[in-house]
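To find a chain, count down the sequence lines: A is the first, B the second, and so on, and within it residues start at 1.
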Protein chains: 2
Amino acid sequence: MPMEARKSGRPRVAVLSRDLILETALKLLDERGEQGAGIRDIARALEVRPSALYNHISGQDDIIAGIRELVSDRIDVSGFGNLSWDDAVRRWAWSYRSAFAAHPPTIAIMVVTPLAPKSRTSQMYEAVCAGLIEAGWPEHMVVNLIVSLECFILGAALDHVAPDNMMDPGEDETAPNFVAAYTARASGLPSPEARPTDIVFEMGLEAMLAGLTATFQQLKGES
Amino acid sequence: MPMEARKSGRPRVAVLSRDLILETALKLLDERGEQGAGIRDIARALEVRPSALYNHISGQDDIIAGIRELVSDRIDVSGFGNLSWDDAVRRWAWSYRSAFAAHPPTIAIMVVTPLAPKSRTSQMYEAVCAGLIEAGWPEHMVVNLIVSLECFILGAALDHVAPDNMMDPGEDETAPNFVAAYTARASGLPSPEARPTDIVFEMGLEAMLAGLTATFQQLKGES
DNA sequence: TCGCAAAATGAACACTGTTCGTTATTGTAG
DNA sequence: CTACAATAACGAACAGTGTTCATTTTGCGA
């Protein structure tokens, strides 16, 4: 750990690598959120100059795409092939939400960044596809099913990082039904430390799975 | 429309207003997307200096929050009180997705920005709450129901602005099921110009509504 | 050993959102 | 009507962002 200024020129021992940069970025995201994980923050944490990072990554978008890969590793696909398809989806969905809720910036980028072939994210999709096809879902429906679940999951991940009271209507006398419903919601929580976002996620996921299960049984009934 | 440089000091006729700034920002977002709608872009479009905007808005976050209000106006709540609750939700959800898909930046901010009392967004929630409560949904469940639908809608809005081929696995031989499912999806489109995101949205929404309808009927059966 | 490539620092760029001083005009109170 | 405070524009500059490119130093392969 050098206490003096590092010399210009190639170091004797490599200081940086792509993986190190990505792991540092993810760590900063975890600790400080989006605002504390910029190029300069990462460079400072690694005790190099910001421009040194560009020898290993092409830019900030590259960092975010790499973080996405790291986060994808946290998505639990172990249920597919071992549990019923809907239980496997439950496990996948909860772990998926949890993985991305910790890193909101990756959500917007993930939705917009083309998938790199042979990436970890690609392998995650492979496991889910294989599980659903094996369970009996028609091939042409599987990707749509995954994406629609993902829409819900990613929206829910964003919801999970928002403050719990951000939808509080206060004492708005122009919105009496909204106020009453919001108040009633708080008194309907199973326990004081329960997060509303967990209730929302379970409600939405179970509704989707119930609907998909009905579709699935209809398809089985037709064949 | 002055052809010469505007003088320093208060103008004889007001040049700016909060509404004008917000409408211009929304227009730029529509035309150029997020990258073409910054403070300097708005100022340039209105032929003033960037700092002049700060007499009417507190900052960029304020602009985005204002845009959110304008976009909320485009959400169609007319079905509530006039249609069955699930048909009203369908109309709301499709218009909601459409309104926000055009302005991705507002999604991230909306999820994180506390709701201002008596705002248009608040009125939108009031209409939805009133409709669902009138239809018979228990008060304590209504907000959770709305938020879970919103999670899906906002995720789907993000999905809708992404390129259609961003999930293309190409010829990845390590992901055969994924490749097969992706290929089969393309051949399963109802028409060549159909957007996959519309299929996804309908599939997910209908699944959620089917599940919620089952829950609703269960609640009615219990009472 | 030599030459080229890699990887670090250094210097600077273009751009962002924002603050605050100056200028010119309006609005309000006496 | 006058004086002063408030308003709203421009001007100048700030702090911060991601990035490029030149220079320096070292590793690696032939």
For C/dA8, take OP1 and OP2 only and decide whether either is under 4.0 Å from a side-chain N or O of A/Arg49. no
Report, one pair per line, the protein and nucleotides 1-4 of chain C atoms (nitrogen or oxygen only) whose separation is under 3.5 Å.
none

Any A/His56 side-chain N or O less than 4.0 Å from OP1/OP2 of C/dA6: no
Residues of residues 7-15 of chain B with a heavy atom under 4.0 Å from any atom of DNA chain D, listed by number, are B/Lys7, B/Ser8, B/Gly9, B/Arg10, B/Pro11, B/Val15
note: B/Gln35, atom CD; C/dG17, atom P; distance rounded to Å ~ 10 Å
Once you apply a heavy-atom cut-off of 4.0 Å, does B/Ala52 come out as touching a base, just sugar-phosphate, or nothing? sugar-phosphate
State, with a plain yes or no, whether a side-chain heavy atom of B/Glu206 is found less than 4.5 Å away from one of B/Arg90. yes
Nearest 0.5 angstrom please: A/Ser72 OG to A/Tyr96 OH, how far? 6.5 Å
Among residues at least two apart in sequence or on other chains, which ones pass ring pair (Phe, Tyr, Trp, His ring centres under 6.0 Å) with A/Trp94? A/Phe201
Near DNA chain C, under 4.0 Å by heavy atom, which residues of residues 20-28 of chain A? none
Check nucleotides 11-15 of chain C against the protein and report each pair of N or O atoms closer than 3.5 Å, with its distance, or say if there are none.
none

With sequence neighbours left out, the residues meeting side-chain contact (heavy atoms from CB on, under 4.5 Å) with B/Ala180 are A/Glu139
